[in-house]
Structure formats: C-alpha cells, structure tokens
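Have a look at the structure below before the remarks.
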Amino acid sequence: MSARRIYFVVSILVLAALPWLIATPYWRGILVLCAMNVLLALSLNLVIGYTGQLNLGQSAFFGIGAYVSTILVKSYGWNFWLAAVAAVGAAGLLGLALAAFAVRLRGHYLAIASLGFAVITYQVLVNWENVTQGVRGIYGIMPPFSHPAALFYLVAGIAVLVYVLIDNLVRSPVGDSLRAIREDEVSAASLGINRALWKAFAFCVGAAIAGLAGCFYPGFVGTLVPDAFNIVESFTMMAMVIVGGMGTMIGPVLGAIVLTFLPELLRGFGELRLMIYGIALTLVVLFMPGGMVQAWMALRARLR
Amino acid sequence: MILRAKEISKSFGGVRAVHNVSIAVPENSIFALIGPNGAGKSTLLNLLSGIYQPDAGSLHLEETNLIGLPAHRRVRLGMARTFQKIRLFRQLTLLENVLAGFHIHQDAPFWEYLVYGDTGRFREEARSLLAFVGLEARSGERAGALPYGQQRMLEIARALATRPRLFMLDEPAAGLNAAEVDFLLKRLEQIGRQGVTVLVVEHNMDLVMNVAHRVFVMDHGEPLFEGTPREVQHDPAVIAAYLGGEFAS
Ligand SMILES: Nc1ncnc2c1ncn2[C@@H]1O[C@H](COP(=O)(O)OP(=O)(O)OP(=O)(O)O)[C@@H](O)[C@H]1O
Ligand SMILES: [Mg+2]
C-alpha cells in the first residue's frame with residue numbers, strides 16, 4: 001500500500017472514532033463545526049492558495065449556501081437534498097459573477113472588490129426581510145440528521161470527498177494551469193492557458209464548495225442570522241488557510257482544526273481570549289508565512 | 001511566409017513604440033530582429049504574440065488573421081515565445097514549469113483528472129526537453145533558485161513544450177556568458193533544423209551573425225533595413241543607427 005493510501009485509511013478510522021471519543025454534546029458540536037471549517041478552508045485555498053486570487057468574499061458564498069437551502073426548505077417545502085443542490089448551484093453562479101472581477105482586477109484591487117462583494121451580500125441578507133427575515137433571523141431549522149454523530153459523519157464525509165477530489169485535481173494538469181496563473185499570468189497565457197476560463201473555474205468551484213458547507217450550518221445551529229456571514233468570517237477562513245499553509249492540501253485542514261479548537265480551549269481566558277488569538281495569528285504570519293506545513297518541513301529538515 | 005505583418009503600429013501615450021512596420025518571416029528560417037535600445041523590438045514581439053493588440057495594421061499567421069486573437073489562442077496556432085525579462089513560474093519546479101507548457105496538448109477528459117489526478121502524461125517528454133537545454137539533473141529544483149543563464153534555458157524548454165511552429169525569443173542571450181551563448185546558439189540551430197521557424201530578438205551580434213538567415217533592423221519604432229547578416233553588417237544606415245558601436249569589426 002502506498003503512503004497516501006495508509007494516511008487515507010488512518011484518517012478515516014480516526015474520523016469514525018472521533019464522535020465516540022469526544023462524546024459530550026457540546027464537543028460533538030464543535031466537531032461538526034470543525035468539519036464545516038475544513039470545507040471552507042479547502043474551498044478558499046483553491047482560489048487563494050492554488051490560483052493566487054486574493055479573495056476576501058468567501059463568507060458571501062457560505063451565506064448564500066445557508067440561506068438558499070434554508071429558505072427553499074422552510075418557505076417552499078423542498079426536500080433538504082434538493083435544496084442543497086440548488087444552494088450549491090446558486091453559490092457557484094455567484095462565484096462566476098465574482099470571477100468576472102477577478103479577470104480584470106489583480107492583487108489588492110481584487111481583494112477590495114471581493115470584500116465589497118461580501119459586504120453587499122451581507123447587506124442583502126440583512127435588508128431583504130421578506131425573504132431572509134433580516135436580523136430577526138430564521139428559527140427552528142432542522143438538520144438533515146438529528147443525531148450529532150450522524151451529522152458529523154455526513155459533513156466530515158463530504159469534507160473527505162472534497163479533499164480527495166481537489167487533491168486529485170491539483171495534481172492533474174488542471175493544477176498545473178492554476179498554479180501557472182498564480183505564478184505569472186502573462187507567462188501562463190503565453191503557454192496557451194486561458195486565464196479568464198481557469199480563474200472562473202476556480203472561483204466557481206470554490207464558491208460552490210463554500211455554499212455546500214453553508215447548507216449544513218443552519219440545521220446545525222438551528223437558527224440563521226446574517227451575522228454568521230459577516231465579512232469577519234472571510235478573514236477567519238483566510239486565517240485558517242494561512243496558519244495551515246497556503247497552496248498545500250493538508251495545510252488548510254490543519255489550520256481549520258487548530259482555529260476551530262483554539263478559541264474553544266481559550267474560553268477560560270475570558271476577554272483575553274481574542275487578544276491571545278490575535279497575537280498568535282500575527283506571530284504565525286510574521287515568523288512562518290508558510291504556516292504549519294512550512295514549520296513542519298523546517299523541523300524535519302533540522303532533525304535529519 | 002509563415003508570419004506576415006502589414007503596417008502595424010502601436011503607441012503608448014505619445015510614444016510611437018512601433019510605427020508602420022511590415023514584416024514577413026519565411027517558413028523554416030531563423031529570422032533575427034535587431035535594433036538599438038528602445039527601437040520597439042519587444043513591443044513588436046508583444047504584438048505578434050498577442051500580449052498587445054496593434055492600433056492599426058494587419059497580422060496573419062499563414063492564412064489565419066491574428067488581429068483580435070488573444071495570446072493564449074495564438075499558442076494553439078503554433079506560436080510560442082520567451083520573454084526579455086524572464087517570467088518563469090518561480091515557485092514551481094523545473095519539471096512543473098515544463099509540464100505547464102503542455103497545457104494545450106492535455107486532452108484527457110476532465111473526470112480523469114478528478115479520479116486519477118496526475119496522469120503522468122508528457123512527463124517523459126518534459127524530461128527530454130529539460131535534457132535538451134541541459135537541465136535534466138535539476139528537474140526537481142525550484143525554478144527561482146536557478147542561476148540566471150539557466151533560467152533563460154528553462155524558459156526555452158517551457159515554450160518548446162507547446163510544440164510551436166513559430167518560436168519567438170526576446171533576447172535569449174542577454175546575461176549569458178560566452179559558453180552559455182555558444183550552447184544557446186547550437187540549440188537555436190537545432191530547433192531550426194527540426195522545422196521550427198525561429199524569430200529571435202537579439203543584441204548579441206555574434207549570435208545574430210552566426211545563426212540568422214535574415215536580419216530585420218528597427219530603429220525608433222520603424223523598419224530600417226532588412227537583408228542577410230552580411231548585408232546588414234555593411235549597410236551605412238544600420239551602422240549609423242548603432243553609431244558604429246557593435247559593428248566596428
Ligand atoms: N507598456 C509600455 N508602456 C509605455 N511605453 C512603453 C511600453 N512598452 C514599451 N514602451 C516604450 O516603447 C518604446 C519601445 O520599447 P521596446 O521595449 O519595444 O524596445 P526594445 O527595442 O525592445 O528595447 P530593448 O532593446 O531595450 O529591449 C520605448 O520607448 C519604451 O519606453
Ligand atoms: Mg526589448
């Protein structure tokens with residue numbers, strides 16, 4: 001068996017055991033949240049890490065997934081899975097809309113435009129009260145599975161599937177094209193790579209995956225308010241990608257795990273919590289810009 | 001004639017970088033484009049390769065009209081290029097750089113990528129291209145870590161991966177030492193012998209005089225002279241443009 005296979009099987013076994021090792025309802029909830037964050041970090045990493053597009057609008061797609069699926073179920077009586085498909089499609093389409101900016105803008109300009117995009121989406125969620133209930137929120141949302149372990153298995157299973165698919169994709173010629181665009185767009189074009197097409201692809205797929213994560217969020221918390229998709233969420237996702245290691249597969253997964261559990265573990269520190277969190281984040285960016293993956297490589301190189 | 005430009009022009013603000021240039025590149029030739037600094041050579045190459053669109057004029061690759069066609073589409077017609085200011089994928093390995101060059105030849109269905117990932121296709125061919133430019137031993141290193149001269153050679157290997165019919169190089173010898181220039185010269189001739197038309201912008205007169213079949217001289221954005229290397233060397237207008245400097249021999 002190849003090393004990849006072994007890692008895969010071990011990961012599956014750990015995932016299967018987790019909700020029974022961590023059996024309190026609260027921590028089981030955190031596990032679900034963690035799986036969701038892994039999905040979000042994977043989705044953003046495809047756009048930022050592999051394609052090099054500075055996207056600060058990912059929270060919008062997460063929100064679209066959550067609202068579209070919930071509204072279709074609650075107001076129109078759709079089946080959850082059908083609603084999820086529609087929500088993923090809606091998020092993907094919106095990703096294409098943002099890609100239209102990415103074709104024209106670069107670097108900081110794209111960052112600002114995508115941030116604006118997230119702000120607008122948030123404002124729509126707040127103000128389009130007939131449909132979204134605005135800040136009053138939507139209540140009594142049921143998850144697709146009520147057993148917390150089942151919900152974890154579902155979201156974690158999807159995260160594993162998404163991981164495997166993206167991992168294959170970035171090792172394939174598609175990954176070569178995305179990285180080429182990240183490294184140098186003009187060069188990429190000089191090799192026949194259609195940058196508009198592949199940027200659109202990355203944005204669309206990234207948005208769809210974030211939308212997919214969004215489908216599970218409302219049922220998990222039971223309520224849906226716009227604040228869950230505030231632009232701060234975009235930065236949290238960004239932090240996960242950076243802390244773990246941008247442009248690597250395992251990095252964002254590690255980043256999502258650490259940044260899901262760290263705030264929970266710091267709860268004992270009360271108000272100091274956010275400060276510790278902020279300082280830790282700054283230190284990471286300052287001293288290991290390649291994130292945990294880079295730190296691990298450096299450590300391994302030193303031990304050899 | 002494989003490439004034909006008629007009276008193409010390009011201005012940047014008030015600067016007429018290329019003005020009314022007509023050029024015809026014969027198939028299977030090594031065609032050199034020379035001229036003093038700022039003559040408009042790189043701009044002309046950018047117009048030919050589609051990085052810029054001309055303000056006026058016509059442009060054909062054989063029968064295909066290139067006007068309006070973006071750079072990435074021209075690659076599929078068989079046009080490849082390198083850059084004066086090296087533009088490698090610096091964080092990627094040498095092998096990954098060359099593999100990216102095979103983009104237009106990747107025709108496996110999308111689902112295969114999702115299911116199998118790296119298909120390993122073109123890996124051997126990429127390695128032999130690296131060997132062709134003398135870099136096979138470093139295929140796993142990052143491109144940005146290469147010495148300057150080898151970066152130029154890697155850019156050539158990467159462009160060749162597109163399997164061009166017309167290969168345009170912008171000052172491939174710039175920054176190379178004598179031995180590297182010699183190696184480059186041999187490779188250019190070899191590329192030419194394989195039926196690829198080579199259009200090379202160059203300041204290194206040794207190289208131009210040794211490999212080029214025809215030489216096109218530009219100055220101040222305008223065509224100055226065209227002829228064989230020998231004719232160019234003895235043309236008074238060309239010598240004047242260069243102030244005798246590099247042609248003093
Ligand atoms: N993108 C641009 N924007 C503004 N001006 C430009 C641009 N590109 C080129 N120019 C101007 O056009 C003229 C021709 O430049 P070009 O780079 O084509 O010359 P060149 O012959 O390649 O020179 P060199 O031998 O120095 O490479 C110069 O005056 C240059 O300043
Ligand atoms: Mg130039």
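Note that the structure is a prediction, hence the values are computed from the model and not measured. First the proteins, then the strands, lettered A, B, ... as listed; each starts at 1.
Atom NE2 of His103(B) is separated from atom CG of Leu191(A) by 9.0 Å, given to the nearest 0.5 angstrom. From Leu92(B), atom CG reaches atom CZ of Arg182(A) across 6.0 Å, with rounding to the nearest 0.5 Å. Atoms CG and CG, from Asp167(A) and Leu114(B) in turn, are 11.5 Å apart once rounded to the nearest 0.5 Å. Atoms CG and CD, on Asp176(A) and Gln106(B) in that order, are 7.0 Å from each other to the nearest 0.5 Å. The CZ atom of Phe89(B) sits 9.0 Å away from atom CD1 of Ile181(A), with the distance rounded to the nearest 0.5 Å. The CG atom of Asn168(A) sits 10.5 Å away from atom OH of Tyr116(B), with the distance rounded to the nearest 0.5 Å.
Other residues, nucleotides and ligands contribute only 12 or fewer heavy atoms inside 6.0 Å of the CZ atom of Phe8(A). Atom CZ of Phe101(A) has 12 or fewer neighbouring heavy atoms from other residues, nucleotides or ligands inside a 6.0 Å radius. At most 12 heavy atoms of other shown residues, nucleotides or ligands fall within 6.0 angstrom of atom CZ in Arg16(B). Counting heavy-atom neighbours within 6.0 Å of Arg163(B) CZ, excluding the residue itself, gives a total above 12.
Contact of Ile51(B) with chain A is made through the side chain alone, with heavy-atom distances under 4.5 Å. Looking at Phe110(B), only its side chain comes within 4.5 Å of chain A, counting heavy atoms on both sides. Proximity to chain A (any heavy atom under 4.5 Å) is restricted, for Thr162(B), to the side chain, taken from C-beta onward. Heavy atoms of Arg76(B) lying under 4.5 Å from chain A belong exclusively to its side chain. Looking at Gln91(B), the atoms closer than 4.5 Å to chain A (heavy atoms on both sides) sit in the backbone and in the side chain alike. When heavy atoms are compared at a cutoff of 4.5 Å, Phe83(B) approaches chain A solely by way of its side chain, counted from C-beta outward.
Between chain A and the residues Arg81(B), Glu96(B), Arg158(B), the most heavy-atom pairs under 4.5 angstrom are made by Arg158(B). No other option in Asn194(A), Ile166(A), Leu165(A) has as many heavy-atom pairs under 4.5 Å with chain B as Asn194(A).
Heavy-atom minimum distance, Ser172(A) versus Gly117(B): CB-O, 3.5 Å.
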